[in-house]
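These notes are about the structure you will find just below.
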Amino acid sequence: MEHISTPKILHHHISSVEKLPLTTAGYPLLIHCKNFHVAHFVIGQERDCHDVFTSLLKLSQPVKPEELYAFSYNPKMSKESREMGWKLIDLKLDYQRMGIPNDSWEITDINKDYEVCSTYPPEIVVPRAATKAVAALCRCSQPLAGFSARCLEDEQMLQAIREANPGCPFMYVVDTRPKLNAMANRAAGKGYENEDNYENIRFKFIGIENIHVMRSSLQKLLEVCEMKSPSMSDFLTGLENSGWLRHIKAVMDAGVFLAKAVREERASVLVHCSDGWDRTAQVCSLASLLLDPFYRTFKGFMVLIEKEWIAMGHKFSHRCGHLDGDPKEVSPVFTQFVECVWQLMQQFPCSFEFSERFLLEIHDHVYSCQFGNFLGTCHKEREELRIFEKTHSLWPFLLQRKQELRNPLYRGFTAYKELQPNTLPFSFQFWCGMYNRFDKGMHPKQCVLDQLLSCLGHKVTLEDNAAELENKLPILDGPLPSKGCTSPKAGAAAAKAPTPPQDCAGGAAPVLSNGPSLGHQKHKESPAQPRDLRASREDGQAQHQE
Amino acid sequence: MEFAELIKTPRADNVVLHRPFHLAVEGTLCLTGHHLIFSSRRKDNTEELWLLHSNIDSIEKRFVGSLGTIVIRCKDLRIIQLDIPGMEECLNIASSIEALSTLDSVTLMYPFFYRPMFEVLEDGWSSFLLEQEFELLSSVTNEWRLSCVNKEFSVCPSYPPLVIVPKSVDDEALRKVALFRQGGRFPVLSYYHKKNGMAMMRSSQPLTGTNGRRCKEDEKLVNATLRSGRRGFVIDTRPLTVAQQARAKGGGFEQEVHYPQWRRIHKCIERFNILQESFIKLVEACNDQSHNMDRWLSKLEASNWLTHIKELLTAACLAAQCIDREGASVLVHGSEGTDSTLQVTSLAQIILDPRCRTIRGFEALVVREWLQAGHPFQQRCAQSAYSNSKQKWEAPVFLLFLECVWQIHRQFPCSFEFNEHFLILLFEHAYASQFGTFLGNNESERAKLKLPQKTMSLWSWVNRPEELSRFQNPLYEANSLVIWPSVAPQSLQLWEGVFLRWNRTSRFLEEAEEERIHIIKYNKELQAKVNALRRQLAEMETDGEVQQDGP
């Protein structure tokens with residue numbers, strides 16, 4: 001295998017392998033990757049080509065989870081640090097951060113044996129039947145309502161959510177499906193809440209299409225991206241026909257609606273789609289990002305993914321096709337979320353602690369299976385796979401690379417509270433850095449991000465240098481014979497006019513009588529200038545945290 | 001004519017101004033000969049809006065009862081709305097604005113009345129003289145000469161008095177060549193590539209007609225730019241069919257038989273009304289506030305604007321490639337040689353010549369390749385994308401050029417000394433300005449209007465240090481290389497700074513720009529400080545050594 005596979009393509013990243021017709025150079029193999037890398041290999045012998053083809057097919061889609069890379073990945077790390085790595089992101093801490101548990105909401109371990117819901121984590125937050133709280137964002141799956149059936153307990157639960165927020169007399173129930181789909185589901189015995197049965201609830205349908213529509217949309221988009229020297233018209237028409245940006249906008253619109261309801265109407269919102277792990281995850285995590293600046297930090301974004309995606313049972317394994325399985329279960333749900341975050345970054349360049357590269361890195365590893373986080377479909381399954389004992393968590397590895405993944409323009413935690421993005425169609429751009437990421441020729445030839453990162457990199461060194469040099473100066477002054485001499489020397493040096501030492505030893509030379517004060521000033525001023533700058537920056541940050 | 005005659009109601013109170021992304025403000029509206037001035041009366045918000053009448057592209061009036069509303073659409077693409085109480089006042093104001101924004105005579109334009117409030121450090125009218133350009137050229141080659149054959153604008157009315165031509169061709173020959181090229185635009189030097197001595201020339205189409213006329217002097221002139229045994233490229237900005245059709249009207253192209261050392265390449269760069277329609281469609285798409293993604297993308301596509309951008313960049317890259325990669329000389333022309341020709345030659349220089357990527361160099365390029373080269377600014381920029389009146393010679397030719405520069409800038413963000421605001425400034429001033437720089441259609445008209453004596457040059461104002469600092473790119477690091485932009489559709493974007501400028505809040509993007517400037521400035525300051533400290537320390541160490549040796 002080694003003789004053809006470039007180490008840059010992980011087997012798990014391979015999405016499809018195609019044999020193309022024979023050319024003069026040999027037998028071509030076309031490999032499409034899940035991170036949108038497209039690789040072309042030409043192999044001399046037909047037999048070899050076939051062998052490679054079948055091996056790649058097998059290797060890229062293992063049948064058993066144990067064959068996934070994460071179970072053999074060994075970064076030579078102690079057991080303790082590996083375990084620490086898994087504890088890095090603690091969801092309870094995030095609830096604590098939000099002030100939960102409180103009078104209205106409690107954390108329950110009702111699901112500890114996964115009897116209540118097999119795709120929920122063991123601990124979930126539910127409303128206490130109590131009085132005081134603020135607007136909250138909740139999620140669930142579609143009710144199994146059918147046309148006439150109703151469930152009193154469910155109605156009571158919703159009432160509890162609504163009552164947990166006395167600030168607003170009503171609550172929203174947001175169904176992220178197009179209404180037509182929800183009605184179809186109702187005919188199949190599932191469906192949506194009957195308004196008559198639920199008090200003070202406003203229903204809202206938001207048309208996000210299902211996983212199958214999204215899968216084919218991405219397929220079309222990628223075909224557009226791979227066209228050989230397309231005209232502008234071909235490209236724009238292809239982009240339009242793929243529907244991709246329309247779907248991205250729909251997800252964004254939903255996120256914005258949710259955030260607005262919570263922010264402006266102070267209403268609680270219950271969100272669901274069909275199963276509650278795809279569209280619901282997208283819009284809930286997006287709304288959280290819009291509302292809470294914490295989720296726009298490195299740590300916060302990790303928490304967000306752990307909470308809204310991993311813990312709440314987004315079926316990464318199926319959606320990403322980690323294992324040989326039903327291709328109809330594969331869908332770019334998470335990719336769309338990542339793109340929405342990128343679209344937000346375009347509109348709010350200073351509001352995220354991390355850069356586009358962090359998003360691409362996460363996106364890569366969702367498919368790479370190198371780390372345990374995204375294996376399986378839910379918490380229960382991950383425990384069964386014993387990923388916490390056998391694999392590594394991605395997050396500590398990414399945190400280690402914070403310097404290269406950060407956003408140099410980040411203005412700190414409280415510079416922007418809530419984001420209110422423009423969702424007019426022209427606000428959405430085609431993400432060349434993702435879908436044509438490996439076509440380097442298409443990208444800007446000079447990278448502002450690199451430039452700024454290197455500035456920030458130098459900044460620390462320069463500040464250290466400056467501090468060190470400043471420290472050295474008085475030490476050098478030390479051994480000099482008389483106090484009177486030290487200052488004039490510094491002054492003279494600062495004035496770039498080296499004074500002969502004889503003068504200095506003389507001490508009383510009239511030329512130097514102005515020296516000391518000037519020297520002192522210079523000496524104090526020049527170091528103070530950058531320090532002031534730095535101080536003001538830090539002050540800014542400190543204020544933010546208050 | 002007195003402006004007062006046109007102003008029936010010079011002032012209206014309780015007028016409400018609406019702008020996108022701003023709260024409506026109430027204030028007083030005043031009309032002067034050249035400005036519409038709105039000032040809000042509240043003390044906490046003493047905002048004033050000054051709008052040049054010449055910036056107004058179209059107005060529309062509506063009435064609800066006695067409340068009149070005037071919607072003003074500007075050439076810089078902004079749209080404002082004024083609610084004016086009183087039907088008569090509103091009608092008067094609307095008709096005044098209409099009359100004042102469509103004055104026929106150039107000499108009534110604001111630049112002839114504008115009195116600058118700043119001290120002129122350098123007269124922009126003489127900042128960029130061809131003599132200086134020629135002096136630079138003479139230091140690297142002696143194959144060219146400065147000809148004043150067009151001194152009285154008699155040989156070519158749209159050329160400047162001075163042009164650079166091959167040394168071996170005398171003025172007499174130039175006069176003959178001028179008769180063989182449309183509008184007298186004989187081939188002149190546009191750019192000399194120091195790296196390999198190759199030249200880019202520009203002209204108008206040859207007047208071969210249907211019976212294949214030829215002109216020995218013309219052949220000699222273009223061949224003078226070739227190295228012995230080497231070929232040159234003629235880049236014709238028209239498709240072959242269009243060039244062939246042009247013969248019926250007396251025009252034509254260089255035929256192989258008479259120009260055997262030249263290879264002709266036809267490109268397809270659109271002209272006049274096609275560009276203007278594209279511009280109008282694009283702006284309409286950008287102002288469409290419906291929330292439908294498919295509609296936006298299909299309108300963007302149907303406008304064809306980005307197609308024109310791609311075609312232009314492709315042609316410019318081709319010209320640059322012929323010169324830099326093929327080591328061949330190039331002659332560029334379309335029909336008149338005043339539009340697509342200039343787009344291609346000036347963009348090729350942006351790609352090839354680092355000097356054109358500095359502020360001063362870019363200004364020189366605009367002066368040399370657009371103003372002096374006779375791009376008819378007054379005709380092309382008479383109306384912008386909102387005008388209702390019938391088009392004559394309007395076309396966003398210069399805007400397309402600026403956008404292409406922006407596209408290259410986006411791909412090479414550290415290679416330009418100026419920022420996006422500088423390009424936007426030039427767009428604005430080409431369409432409406434207090435300066436005389438973009439008035440007239442060519443140097444001959446400018447001379448007749450005595451613009452250098454009677455008006456202020458844009459360059460006099462913009463090159464003052466306090467203005468210049470706003471247009472500097474903090475990321476700039478001189479890059480002496482040829483910069484090849486990507487023309488893949490994925491690499492080209494809508495120029496939001498112009499087309500979405502008034503349709504979105506720019507606060508967050510401006511903050512990002514501030515942040516970038518801050519990071520780089522702070523880094524430079526730190527570096528300077530460390531260097532100073534090092535020097536200080538080194539000096540003290542030497543002092544210390546002497547001291548220790550002393551006793």
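We name chains A, B, ... by the order of the sequence lines, and we start the count at 1 in each one.
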If you define the side chain from C-beta out and look only at heavy atoms, does anything of B/L509 sit under 4.5 Å from A/P349? yes
For chain A, the option from B/L297, B/N479, B/V487, B/T505 that forms the most heavy-atom pairs under 4.5 Å: B/L297
Quick one: which residues of residues 305-317 of chain B reach chain A at under 4.5 angstrom, heavy atoms only? B/L306, B/T307, B/K310
When A/S233, A/S351, A/C350, A/S427 are compared by non-hydrogen pairs under 4.5 Å with chain B, the top option: A/S233
Would you please test A/H443 and B/S486 for side chain to side chain contact (heavy atoms under 4.5 Å, CB included) and show each step? CA-CA 8 Å; A/H443 302 187; B/S486 158; over 6 Å; no
Report yes if the side chains of A/M442 and B/Q411 come closer than 4.5 Å at any heavy-atom pair, otherwise no. no
Looking at CZ of A/F235 and CG of B/L492, how far apart are the two atoms once the value is rounded to the nearest 0.5 Å? 9.5 Å
Straight-line distance of B/N523 CG to A/L456 CG, nearest 0.5 Å: 7.5 Å
Proximity breakdown for A/Y435 and chain B, heavy-atom pairs closer than 4.5 Å: neither
To the closest 0.5 Å, what do you measure between CD1 (B/I483) and NZ (A/K445)? 9.5 Å
When rounded to the nearest 0.5 angstrom, what distance separates NE2 in A/H458 from NZ in B/K524? 13.5 Å
Let's go through A/Q446 and B/E477 carefully: what are the C-alpha distance in whole Å and the side-chain angles of both, what is the deciding distance for side-chain hydrogen bond (donor to acceptor under 3.5 Å, both in side chains) to 0.1 Å, and is it a yes or a no? CA-CA 11 Å; A/Q446 292 170 329; B/E477 273 168 32; over 6 Å; no
Main chain of A/T237, side chain of B/E301: is a donor-acceptor contact present, judged purely on distance under 3.5 Å? no
So, the part of B/N292 with a heavy atom under 4.5 Å from chain A: the answer is backbone
Can you name the residues of residues 241-255 of chain A that have some heavy atom under 4.5 Å away from a heavy atom in chain B? A/L245, A/R246, A/K249
Point-to-point distance, once rounded to the nearest 0.5 Å, from CG of A/L462 to OH of B/Y522: 8.5 Å
Side chain proximity check, A/P425 to B/R295, heavy atoms < 4.5 angstrom: no
Should A/E470 and B/K529 count as side-chain neighbours, where that means a heavy-atom distance under 4.5 Å? yes
Checking A/C432 against chain B: side chain, backbone, both or neither under 4.5 Å from a heavy atom? side chain
Taking side chain as C-beta onward, heavy atoms only, is B/V530 less than 4.5 Å from A/L469? yes
Anything under 30° is parallel, anything over 60° is perpendicular, the rest tilted; go ahead and classify B/W296 against A/F426. perpendicular
B/L23, CG atom: more than 12 neighbouring heavy atoms under 6.0 Å: no
Residues A/V224 and B/Q490: closest non-hydrogen pair is O-NE2, 4.4 Å
Minimal non-hydrogen separation, B/P489 against A/S231, with atom names: CG-O, 3.9 Å
Roughly how far, to the nearest 0.5 Å, is the CG atom of A/N407 from the CD atom of B/E515? 9.0 Å
salt_bridge(B/E514, A/R411) N-O dist < 4.0 Å: yes
If I measure from the heavy atoms of chain B, does A/E468 come under 4.5 Å with its side chain, its backbone, both, or neither? neither
Is B/A488 close to chain A through its backbone or its side chain, or both, or neither, when contacts mean heavy atoms under 4.5 Å? side chain
Before you tell me yes or no, could you show the steps for A/K459 and B/Q527 under side chain to side chain contact (heavy atoms under 4.5 Å, CB included), namely the whole-Å CA-CA distance, both residues' side-chain angles and the distance that decides it to 0.1 Å? CA-CA 9 Å; A/K459 181 179 142 182; B/Q527 187 68 61; over 6 Å; no
Do A/N465 and B/R534 have side chains that get closer than 4.5 Å, going by heavy atoms? yes
Is there a side-chain contact between B/N503 and A/L424 in this structure, where contact means two heavy atoms from C-beta onward sitting under 4.5 Å apart? no
Would you name the heavy atoms of A/C455 and B/I519 that are closest together and state the gap between them? CB-CG2, 3.7 Å
